[in-house]
Colleague: 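Here you go, one structure.
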Protein chains: 2
Amino acid sequence: MKIDPNHLHMLAAIIDAGGLSEGAVVLNKSQPSVSRSVAMLEQRLGSRLFEKGKRPLRPTELCQTLAEQGRIVGHASAAAQTAVELYSRGKAGTARVAGTPIFMDGVISNMMAAFQTAYPDVAIHQSYGYLAELSDQLGVGNIDLAICPVTPNEVPPHLNFRPIMRGRNVIACAPSHPLARKSSVKLEDIAAYPWIAPPAGSPLYTDLKTALESIGITDFRVSFTGGSLASIISVMAGSDALTVLPYSVVFMQRTAKTITALPIKLLHPERELGLLWHLDRPMRPAVLRFLKFLETEFKGLADRIDERGREAIWRR
Amino acid sequence: MKIDPNHLHMLAAIIDAGGLSEGAVVLNKSQPSVSRSVAMLEQRLGSRLFEKGKRPLRPTELCQTLAEQGRIVGHASAAAQTAVELYSRGKAGTARVAGTPIFMDGVISNMMAAFQTAYPDVAIHQSYGYLAELSDQLGVGNIDLAICPVTPNEVPPHLNFRPIMRGRNVIACAPSHPLARKSSVKLEDIAAYPWIAPPAGSPLYTDLKTALESIGITDFRVSFTGGSLASIISVMAGSDALTVLPYSVVFMQRTAKTITALPIKLLHPERELGLLWHLDRPMRPAVLRFLKFLETEFKGLADRIDERGREAIWRR
DNA sequence: AATCTTCATACCGTCAGGTTATATTGATTG
DNA sequence: CAATCAATATAACCTGACGGTATGAAGATT
């Protein structure tokens with residue numbers, strides 16, 4: 001007959017509480033219940049667990065050693081309990097999140113930092129990808145959440161899309177760039193400089209083309225391509241190159257002063273930055289937490305961007 | 001709702017076995033049983049424990065952390081199991097044993113050493129006392145077993161007495177003693193030497209007196225009294241004093257060659273060395289083991305003493 | 001598509017363990 | 001030492017968690 005961990009725990013509770021009745025209170029049970037359980041256990045073990053007929057209840061030697069294990073069981077049980085609670089409140093667990101490189105590096109990474117200080121027990125697994133891949137990964141279940149610009153009518157089936165920010169691109173350059181000081185920039189000015197292009201397959205690359213076409217630039221020289229945000233910033237800092245970036249990315253760099261936007265209006269792309277997740281796959285609490293966190297963060301970001309925009313307008 | 005340690009253990013078993021069916025085998029249960037248990041647990045926790053519709057059964061993150069605790073529970077349970085088995089076979093536990101000082105030091109201690117090498121997990125609590133005290137201690141339940149010379153008709157009530165060795169006293173002295181070389185010793189020889197007396201209250205003290213009276217010595221000089229066996233041996237080694245000791249005690253010192261017995265026959269006391277324990281207090285397995293061990297040891301000892309006796313006789 | 005393996009569901013019986021009420025029994029005290 | 005108190009044991013009853021077998025459903029494999 002195998003021994004029941006619950007019984008071990010019960011013994012520990014009785015001993016630590018100092019009596020059957022007190023132990024029963026600790027265990028949220030009635031006194032007769034634990035009394036009978038002890039009696040049955042004694043019978044099964046074939047030896048006494050508490051000395052018979054001694055009123056300050058005295059545990060047997062065997063009982064003591066069993067209670068020792070019982071305390072271990074109790075700890076494990078309590079640990080499991082708190083683990084479940086943390087988990088179900090989304091305060092522990094893992095969130096696997098992927099997104100387009102520039103956004104992840106330029107915007108989301110900062111939010112993830114904030115999230116991790118708020119929820120240190122939630123592990124984040126980050127990866128990169130564009131819409132097609134992200135959709136696949138969500139479908140297979142390799143990631144929980146994708147962050148990606150999407151045109152509302154091309155949302156893949158079975159995926160839920162929640163927009164969080166209007167797409168808005170700007171022409172970006174280093175603060176040291178000759179054009180950065182000018183209050184107004186003309187097309188002829190721009191034409192002289194080389195361009196940094198995002199990776200060929202990325203949406204930003206098509207954005208770059210359509211944006212430049214929209215302001216009449218059809219022929220442009222690409223001097224650097226394929227790098228992620230850190231490379232792009234470095235290259236811009238050391239050259240006169242220009243590039244097209246989401247304004248939010250530029251905005252997030254405002255304190256670091258590594259990028260500025262030129263005062264030229266580009267055509268908005270149809271796409272909108274948003275969160276994607278699988279519809280019929282229930283979201284884990286930690287992921288939900290992260291999602292909510294991102295939403296409020298983006299709301300704050302949008303507000304700050306608006307403010308700054310108004311300021312900029314007011315200054316002119 | 002509190003979490004059940006059994007469930008934690010079950011999760012660990014399932015994961016470690018690599019499937020519900022395999023886990024069920026490990027747990028000695030049917031597959032549907034564990035399947036249902038898992039389902040109920042999932043419902044109570046409000047989150048999945050195994051990913052739905054994946055055939056190489058994949059545990060959830062939460063399930064993994066719970067299983068971790070489950071393994072701890074499993075270990076504790078197994079430890080308890082072996083503890084119970086060891087205990088009930090008398091291979092672990094405590095035996096509280098008391099007895100008359102000279103016997104304990106001179107005979108029992110050697111046997112306890114042998115016992116502890118055979119049963120290293122049985123702790124022995126030794127104490128000293130004479131019959132009255134021993135009886136009290138047994139009655140109160142402070143000791144499990146007493147080893148003591150008892151005259152068969154003065155066995156205290158409620159106590160069981162099992163004789164293990166005939167009482168037989170001898171006159172003892174150091175091997176370096178002038179009388180030790182003599183093949184026959186006369187009373188006049190003895191009269192010249194001082195005596196080491198056991199503690200005044202001890203049975204051995206009365207033995208000393210009656211023994212000496214039995215051989216006609218009424219007036220004797222006591223040069224040292226009150227010491228336990230180690231002291232007596234030391235004093236004898238450094239002096240010409242004599243004393244009366246149980247032959248078994250002298251016998252046990254044969255290899256150490258610290259004491260010899262003089263070839264003088266003393267009157268046997270009525271008492272018989274034996275084991276005492278409480279009648280209606282069930283004996284713990286470890287105590288029983290120790291009791292059995294003592295019995296066989298004493299049997300062996302008695303045989304060896306007989307042999308030696310025959311040898312000694314043969315030599316003359 | 002067919003088959004195989006494994007998990008889920010249905011249904012039923014049993015017993016550990018929950019409850020309340022009450023008896024027993026060490027311990028305590030005047 | 002009787003009386004009293006407090007704690008444990010017992011009785012009687014009931015519920016539901018969990019055990020089993022039989023069978024359906026669904027991934028995985030060929």
Side-chain angles (χ1 to χ4, degrees), chain A residues 1-45 47-60 63 70 73 77 139-141 280-282, chain B residues 1-11 13-45 47-60 63 67 70 73 77 139-142 278 280-282:
Chain A
M1 170 78 58
K2 201 158 157 19
I3 210 158
D4 188 340
N6 280 311
H7 289 156
L8 299 177
H9 181 220
M10 180 184 65
L11 293 182
I14 292 172
I15 291 181
D16 295 346
L20 282 193
S21 319
E22 296 88 329
V25 172
V26 172
L27 295 166
N28 277 321
K29 301 182 179 174
S30 67
Q31 172 266 319
S33 179
V34 312
S35 174
R36 183 156 44 88
S37 293
V38 168
M40 295 178 83
L41 187 56
E42 281 181 337
Q43 191 169 327
R44 260 189 295 186
L45 295 181
S47 31
R48 294 211 85 66
L49 290 168
F50 296 94
E51 300 199 9
K52 193 186 60 179
K54 284 281 184 296
R55 196 51 81 97
L57 201 65
R58 235 188 354 214
T60 301
C63 186
V73 170
S77 218
V140 177
D280 34 77
R281 206 184 297 277
Chain B
M1 170 78 59
K2 201 158 158 17
I3 210 159
D4 188 340
N6 280 310
H7 289 156
L8 299 177
H9 180 219
M10 179 184 65
L11 294 183
I14 293 172
I15 291 181
D16 294 345
L20 282 194
S21 318
E22 295 89 329
V25 172
V26 172
L27 294 166
N28 276 321
K29 298 181 180 175
S30 68
Q31 171 267 317
S33 180
V34 312
S35 174
R36 184 159 41 85
S37 294
V38 167
M40 295 180 84
L41 187 56
E42 280 181 336
Q43 191 169 327
R44 262 189 294 186
L45 296 181
S47 30
R48 287 207 119 358
L49 290 168
F50 295 94
E51 301 199 9
K52 195 185 59 177
K54 285 282 186 294
R55 197 47 83 96
L57 202 63
R58 240 193 344 221
T60 301
C63 185
V73 169
S77 217
V140 178
N142 282 346
H278 203 281
D280 34 79
R281 206 182 296 280

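First the proteins, then the strands, lettered A, B, ... as listed; each starts at 1.
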Colleague: To the nearest Å, give me how far apart CE (B:Met10) and P (D:dA17) are.
Modeller: 14 Å

Colleague: When you measure from the side chain of A:Leu20, which nucleotide among D:dA9, D:dC18, C:dA16 comes out closest?
Modeller: D:dA9

Colleague: If I take atom CZ in residue B:Arg44 and atom C1' in nucleotide D:dC18, what distance separates them, rounded to the nearest angstrom?
Modeller: 11 Å

Colleague: If you fit an axis to the five pairs at each end of the helix from C:dA1-D:dT30 to C:dG30-D:dC1, how big is the angle between those two axes, to 10 degrees?
Modeller: 40°

Colleague: Would you indicate which nucleotide in C:dT19, C:dA16, C:dC7 comes nearest to any side-chain atom of A:Ser30?
Modeller: C:dT19

Colleague: Nearest to the side chain of B:Asp4, heavy atoms from C-beta on, is which of C:dT19, D:dC18, C:dG17?
Modeller: D:dC18

Colleague: For D:dG19, does either OP1 or OP2 sit under 4.0 Å from a side-chain N or O belonging to B:Ser33?
Modeller: yes

Colleague: Applying a 4.0 Å non-hydrogen cut-off, can you work out what B:Ser21 is touching in the nucleic acid: base, sugar-phosphate, or nothing?
Modeller: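 The answer is sugar-phosphate, as B:Ser21 gets under 4.0 Å only of primed atoms, P, OP1 or OP2.
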
Colleague: Considering only D:dT8, C:dC11, C:dG18, which nucleotide approaches the side chain of A:Ser37 most closely?
Modeller: C:dG18

Colleague: Out of C:dA8, D:dC18, C:dG18, which nucleotide sits closest to the side chain of B:His7?
Modeller: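 Closest nucleotide among those given: D:dC18.
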
Colleague: If each of B:Glu22 and B:Arg36 is mapped to the nucleotide of DNA chain C with the nearest heavy atom, which maps nearer the 5' terminus, i.e. the 5' end?
Modeller: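 This one resolves to B:Glu22.
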
Colleague: Any chance you could lay out the side-chain contact (heavy atoms from CB on, under 4.5 Å) test for B:Ile14 and B:Leu49, step after step, and finish with the verdict?
Modeller: CA-CA 11 Å; B:Ile14 293 172; B:Leu49 290 168; over 6 Å; no

Colleague: Flag the pair B:Leu11 / B:Pro59 as yes when at least one side-chain heavy-atom distance between them is below 4.5 Å, and no otherwise.
Modeller: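 No. Closest side-chain heavy atoms not under 4.5 Å.
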
Colleague: Does anything in residues 14-40 of chain A form a side-chain hydrogen bond (donor to acceptor under 3.5 Å, both in side chains)? List the pairs, not counting sequence neighbours.
Modeller: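 Pairs touching residues 14-40 of chain A that pass the test: A:Asp16-A:Arg71.
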
Colleague: Please round to the nearest 0.5 Å and tell me the distance separating atom CD1 of A:Ile3 and atom CG of A:Leu45.
Modeller: 5.0 Å

Colleague: Base contacts versus sugar-phosphate-only contacts with protein, heavy atoms under 4.0 Å: please encode nucleotides 22-30 of chain D as B, S and - from 5' to 3'.
Modeller: B---BBS--

